[in-house]
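Below you'll find the structure, written out as structure tokens, and then a few comments.
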Amino acid sequence: MVTLAQRIESLRTEANLSRPALAAALGFPKGSIEKFETGRQTPSKEQQEKLAAHFGVSLFYLRGESNDRTRQEDWMDALPAEEDDPGFVPIPAPKPKRPKREEPQGPMLDALLASPAVQELLRGIVLDTLRSPEGQELIRRAAQKK
């Protein structure tokens, strides 16, 4: 994982800026960038926001929490807001990630699965799925295999 200090140094190097030049451009004390990059000091939230804005990256990218440089303001402003606008791009809803299959984690999960409310909920989900066109197709395929 990339640290905030590493990310600052990387962005500064990409921009071909010296530490004092970056500090001066942002109005920070002269030695502050060196302290940030060596990990001796953590920039305040305001300083992090200035750094991110200067390099045109998101705070998440600057902090090493993401590898996506895109700032939320940039991608939100770039898209036409109305379907009538030329170039409108609908944003699909993210697909939920399937959790990794793991063995049940003891009595707590067993108790949850044994509860009538959860069993009824699961039963309803299965029945709704089987009634859907996709579910009907699965049933048809399974019947053909036999």
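Keep in mind it's a predicted model, so treat the numbers as computed, not measured. All heavy atoms count here, side chains included; hydrogens, waters and symmetry mates do not.
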### Query
Going through the checks in order, is the side-chain contact (heavy atoms from CB on, under 4.5 Å) test met by His54 and Leu17?
CA-CA 12 Å; His54 180 79; Leu17 290 171; 3.8 Å; yes
### Message
Quick check against the 3.5 Å criterion: does Arg7 have a side-chain atom that pairs as donor or acceptor with the backbone of Tyr61?
### Response
yes
### Task
State, with a plain yes or no, whether a side-chain heavy atom of Thr42 is found less than 4.5 Å away from one of Gln47.
no
### Task
Could you please spell out the steps behind the side-chain contact (heavy atoms from CB on, under 4.5 Å) verdict for Leu11 and Arg69?
CA-CA 11 Å; Leu11 289 166; Arg69 292 177 177 232; 3.8 Å; yes
### From OG1 (Thr3) to CD (Glu9), nearest 0.5 Å
9.0 Å
### Message
Just verifying a value: how many Å separate Leu4 CG and Leu59 CG, rounded to the nearest 0.5 Å?
### Response
10.0 Å
### Residue pairs fulfilling salt bridge (charged side-chain N to carboxylate O under 4.0 Å, His left out) with at least one residue in residues 41-54, sequence neighbours excluded
none
### Message
Minimum heavy-atom separation for Leu62 and Ala52, please, with both atom names.
### Response
CD2-N, 4.0 Å
### Query
Which atoms form the tightest heavy-atom contact between Phe55 and Ala15, and what is the distance?
CE2-CB, 4.0 Å
#### Entry: salt bridge (Lys or Arg N to Asp or Glu O under 4.0 Å) partners of Arg12, counting only residues at least two apart
Glu37
### Query
Under the side-chain hydrogen bond (donor to acceptor under 3.5 Å, both in side chains) test, which residues partner Thr38, sequence neighbours left out?
Arg40
Using distance only, find each side-chain donor-acceptor pair of residues 21-35 under 3.5 Å and give its atom names and separation, not counting sequence neighbours.
residue : atom : partner : partner atom : Å
Ser32   : OG   : Pro29   : O            : 2.7

### Query
Who passes side chain to side chain contact (heavy atoms under 4.5 Å, CB included) against Gln119, sequence neighbours left out?
none
Using distance only, find each side-chain donor-acceptor pair of residues 131-139 under 3.5 Å and give its atom names and separation, not counting sequence neighbours.
residue : atom : partner : partner atom : Å
Ser132  : OG   : Thr129  : O            : 2.6
Ser132  : OG   : Glu134  : OE1          : 3.4
Ser132  : OG   : Gly135  : N            : 3.1
Gln136  : NE2  : Leu130  : O            : 2.8
Glu137  : OE1  : Arg140  : NE           : 3.2
Glu137  : OE1  : Arg140  : NH2          : 3.1
Glu137  : OE2  : Arg140  : NH2          : 2.2
Glu137  : OE2  : Arg141  : NE           : 3.2

